[in-house]
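What follows is one structure encoded as structure tokens, with my remarks underneath.
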Amino acid sequence: MSSAQLKAIPVAHPSFQDRDFRNQNLQPYYARLPTTEFGTFWYGGRLSALEHACAASFVFRGYTLTLFSYQPVENVPDGVTVANAADVLPEEMTRRFLHNGRPALGHFSDLFRYVMIRQYGMAWVDLDVLMLSNRIAYTLPDIVAREEQGGINGAILYLRDAAMLQSLIAGAEAMADRNLRWGETGPLLLGKLAKAYPETLRPAAAHIFYPIEHYDIQKVLLPEWRDACAAKCGQAITLHLFNNILTGMGYWKDMAPPEGSFLYEALAADGALGLFRDIYPVTVMRNMVRNYQFGLNGAALGIRSIVRQAFPSVLRTYRHYYPR
């Protein structure tokens, strides 16, 4: 089935009125990726402002994006096509990939993207990937990218070779109904594929799709790191925002990052700030980042010490935005 044959499912498209972020003059192409069609997955329900902005960033730059879902999505960006995820995989498969004994959509979505790429010929993109530019020259036939530390991240992915895709699909299907380690169906499986096809699989350099590593992603939220982030992203097509880290920080994705931060300016360049309820004060964001880093490095201090340090800041943040 081609992308032109996708079965759309009805979705309500809200009017943003004064919050309408759309730029009527879409950016022209300067350099095309191997495909202009992208696909992604969202189980159903409302997109946060940040996910909405990430999806819209692809449409804004002239690419097509299909959002596959099992249930209606409340606030699909204009220009994004919505399709039935059951046309890719049956919904019951969402319950067959386990992490810590519970169904894990992250592992399921690894299989989903491999099947989607094979079935529709689209490139995959996670909804925490922001497109920064369509002006960067890209000449590789596939979209496979290493992170700075060497691992292959499948947050953005496109493979032409049917044998490679079948290898990924078979590998992921074999892990159904098992308790999985992080990355088994994704980065670890992609790493095995790269070793199996060293002659034909040519990963792109990290700075093109993953210019800022997971351990530094908090810097895009802080004005003092704006220039450093801009320098690292100067030759980047996309920026991966690492949703798991933002969630771990307690970042509310309907709040825009502080003014002057790299991410704030990137969202402003797309006209997307109107999607957000408010803007994080920089002092609150610094406290959130500090507490998150303290938690990562504070195992030896004991959980009580960490809670004593982190809880007051979280409580202040909550009371600031949700006063009684």
Side-chain angles (χ1 to χ4, degrees), residues 27 29-41 50-51 53-66 106 109-110 112-114 116-117 121-161 164-165 168 183 185-191 193-194 197 200-220 228-246 262-263 265-267 269-270:
Q27 291 187 6
Y29 279 115
Y30 288 82
R32 285 183 183 268
L33 293 171
T35 176
T36 61
E37 297 183 333
F38 281 81
T40 191
F41 171 77
L50 189 57
E51 286 140 354
C54 285
S57 71
F58 282 76
V59 177
F60 176 64
R61 288 170 178 81
Y63 291 91
T64 65
L65 180 67
T66 298
S109 76
D110 288 327
F112 190 95
R113 73 193 66 189
Y114 307 147
M116 183 208 77
I117 295 169
M122 297 176 176
W124 168 271
V125 64
D126 283 357
L127 276 173
D128 61 350
V129 173
L130 184 73
M131 180 166 271
L132 297 176
S133 177
N134 55 6
R135 301 172 179 175
I136 306 300
Y138 188 83
T139 58
L140 294 175
D142 299 310
I143 303 176
V144 180
R146 293 193 184 277
E147 295 181 304
E148 185 180 289
Q149 294 178 314
I152 295 177
N153 189 319
I156 184 167
L157 184 68
Y158 173 73
L159 291 167
R160 301 164 303 144
D161 189 277
M164 291 186 191
L165 287 167
L168 290 171
T185 52
L188 298 180
L189 193 58
L190 288 166
L193 185 76
Y197 292 89
T200 53
L201 189 59
R202 299 163 56 197
H207 72 270
I208 297 176
F209 295 108
Y210 306 124
I212 298 180
E213 278 282 351
H214 63 91
Y215 51 77
D216 273 343
I217 198 60
Q218 74 279 355
K219 292 179 179 178
V220 305
C229 290
K232 293 204 75 171
C233 294
Q235 294 299 312
I237 296 173
T238 62
L239 172 65
H240 187 200
L241 295 172
F242 296 98
N243 176 67
N244 59 320
I245 294 177
L246 297 185
F262 177 80
L263 184 55
E265 293 187 0
L267 294 168
D270 283 3

- Item | Step-by-step salt bridge (Lys or Arg N to Asp or Glu O under 4.0 Å) determination, Asp142 to Arg160 | CA-CA 7 Å; Asp142 299 310; Arg160 301 164 303 144; 3.2 Å; yes
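- Atom CD of Gln235 sits in a sparse spot, with 12 or fewer heavy atoms from other residues, nucleotides or ligands closer than 6.0 Å.
- A distance of 9.5 Å separates CD of Glu37 from OH of Tyr158, quoted to the nearest 0.5 Å.
- Atom CG of residue Leu267 and atom SG of residue Cys54 lie 7.5 Å apart, to the nearest 0.5 angstrom.
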- Item | Stepwise side-chain contact (heavy atoms from CB on, under 4.5 Å) check, Met131 with Leu65 | CA-CA 12 Å; Met131 180 166 271; Leu65 180 67; over 6 Å; no
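- Asp126 has its side chain within reach of Arg113: a pair of non-hydrogen atoms, C-beta onward, lies under 4.5 Å apart.
- Within the 4.5 Å cutoff, the side chain of His240 has no heavy atoms near those of the Ile156 side chain.
- Side chain of Thr40 to backbone of Val125: a donor-acceptor contact under 3.5 angstrom is found.
- You'll find the side chain of Cys233 reaches within 4.5 Å of the side chain of Ile212, heavy atoms only.
- Using bins of under 30°, 30° to 60° and over 60° for the plane-to-plane angle, the ring pair Phe112/Phe41 lands in the tilted bin.
- Atom CD of Glu148 sits about 13.5 Å away from atom CG of Asn153, to the nearest 0.5 Å.
- Gln149 and Tyr210 share no donor-acceptor pair across their side chains, judged by distance under 3.5 Å alone.
- Between Ser57 and Arg61, the side chains place no donor N or O within less than 3.5 Å of an acceptor N or O (distance only, hydrogens not considered).
- A 4.5 Å side-chain heavy-atom check between Phe58 and Thr238 finds at least one atom pair inside the cut-off.
- In this structure, Leu193 and Ile152 have side chains that are not in contact, with every pair of non-hydrogen atoms separated by 4.5 Å or more.
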- Message: Under the criterion side-chain contact (heavy atoms from CB on, under 4.5 Å), I'd like the reasoning laid out for Leu190 against Leu157: C-alpha separation, chi angles, the key distance, then a yes or no.
- Response: CA-CA 10 Å; Leu190 288 166; Leu157 184 68; 4.3 Å; yes
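- Annotation: side chain of Leu189 is in contact with side chain of Tyr114 (closest heavy-atom distance under 4.5 Å).
- Put simply, the side chain of Leu241 reaches to within 4.5 Å of the side chain of Leu263, judged on heavy atoms.
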- Message: Using the rule given for side-chain contact (heavy atoms from CB on, under 4.5 Å), can you reason through Val129 versus Phe209, listing the C-alpha separation, both sets of side-chain angles and the distance that settles it, and then say yes or no?
- Response: CA-CA 9 Å; Val129 173; Phe209 295 108; over 6 Å; no
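- Asp128 has its side chain out of reach of Asn244: every pair of non-hydrogen atoms, C-beta onward, lies at least 4.5 Å apart.
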